[in-house]
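These numbers were taken from a predicted model, which means no experiment stands behind them.
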Amino acid sequence: MKRFHGIDVSTKKLAIATLVNSEFGVVELQAKSRSWEDRLAQLYKQFFKFVEENISADDLVCIEDIPLVQNRQAMLKLVHVLAMCRVVFFHHEIDCFTVNVSTWKKVVVGDGRADKDKIRAMARQIFGTGVGRLSQDSIDALMIAKWGQLRV
């Protein structure tokens, strides 16, 4: 059974969704330190362990690419988090694919500019009412995993 993983990155949290057929699970790894360097280190340690224990080279991993944001500092930090994820996958010899936010929204939701409400509504349609308890980051990660599943 092929597993599909979708990852939504931020500077404080990694939302990771795993999709097997129509069953799913979501994990959020969080860093709470005020220091950016400490948060990155905390995310790295948690993510490394998660990948080691839960993702294999046979799985398909998709990560949302960094959107263009106005704040240069935020963009640099997001790029660091994405690079950290890629390095962890390189270490474990796991392929990963980045996907543009507009691309996965267009394929999975049907609208490349879909807002949070539209994404949440489509997630309910695809996965059922159980997604109602998930954060928006986790729903995005789940929809990114769905995009990967639709690619195969």
Query raised in the report: Is the cationic atom of Arg151 (NZ for Lys, CZ for Arg) positioned less than 6.0 Å from the six-membered ring centroid of Phe97 and within 45 degrees of its normal?
Result: yes

Query raised in the report: Would Ile7 end up clustered with Val26 when hydrophobic side chains under 4.5 Å apart are linked, directly or stepwise?
Result: no

Query raised in the report: salt bridge (charged side-chain N to carboxylate O under 4.0 Å, His left out) between Asp137 and Lys13: does it pass, once the steps are laid out?
Result: CA-CA 9 Å; Asp137 293 328; Lys13 175 170 51 170; 3.0 Å; yes

Query raised in the report: Distance only, no hydrogens: is a donor on one side chain within 3.5 Å (strictly under) of an acceptor on the other, for Gln136 and Asp140?
Result: yes

Query raised in the report: Partners of Arg39 by side-chain hydrogen bond (donor to acceptor under 3.5 Å, both in side chains), sequence neighbours excluded?
Result: none

Requested in this report: Determine the minimum heavy-atom distance between Asp59 and Lys2, stating which atoms define it.
Outcome: C-NZ, 4.2 Å

Requested in this report: Dump the intermediate steps for salt bridge (charged side-chain N to carboxylate O under 4.0 Å, His left out) on Asp111 and Lys105, then the final yes or no.
Outcome: CA-CA 6 Å; Asp111 177 359; Lys105 284 181 179 182; over 6 Å; no

Query raised in the report: In terms of side-chain heavy atoms, does Ser138 have a donor or acceptor partner in Glu28 at a distance below 3.5 Å?
Result: yes

Query raised in the report: Is there a side-chain contact between Thr11 and Leu78, using heavy atoms and a 4.5 Å cut-off?
Result: yes

Query - Lys45, NZ: over 12 other non-hydrogen atoms inside 6.0 angstrom - result: no

Query raised in the report: Should Ile55 and Val152 be counted in the same cluster of Ile, Leu, Val, Met, Phe, Trp and Tyr side chains packed under 4.5 Å apart?
Result: no

Query - NZ on Lys146 to OG on Ser22, rounded to 0.5 Å - result: 8.0 Å

Requested in this report: Mind checking ring-ring contact (aromatic ring centres under 6.0 Å, His included) for Phe24 and listing every partner two or more places apart, or none if nothing turns up?
Outcome: Phe127

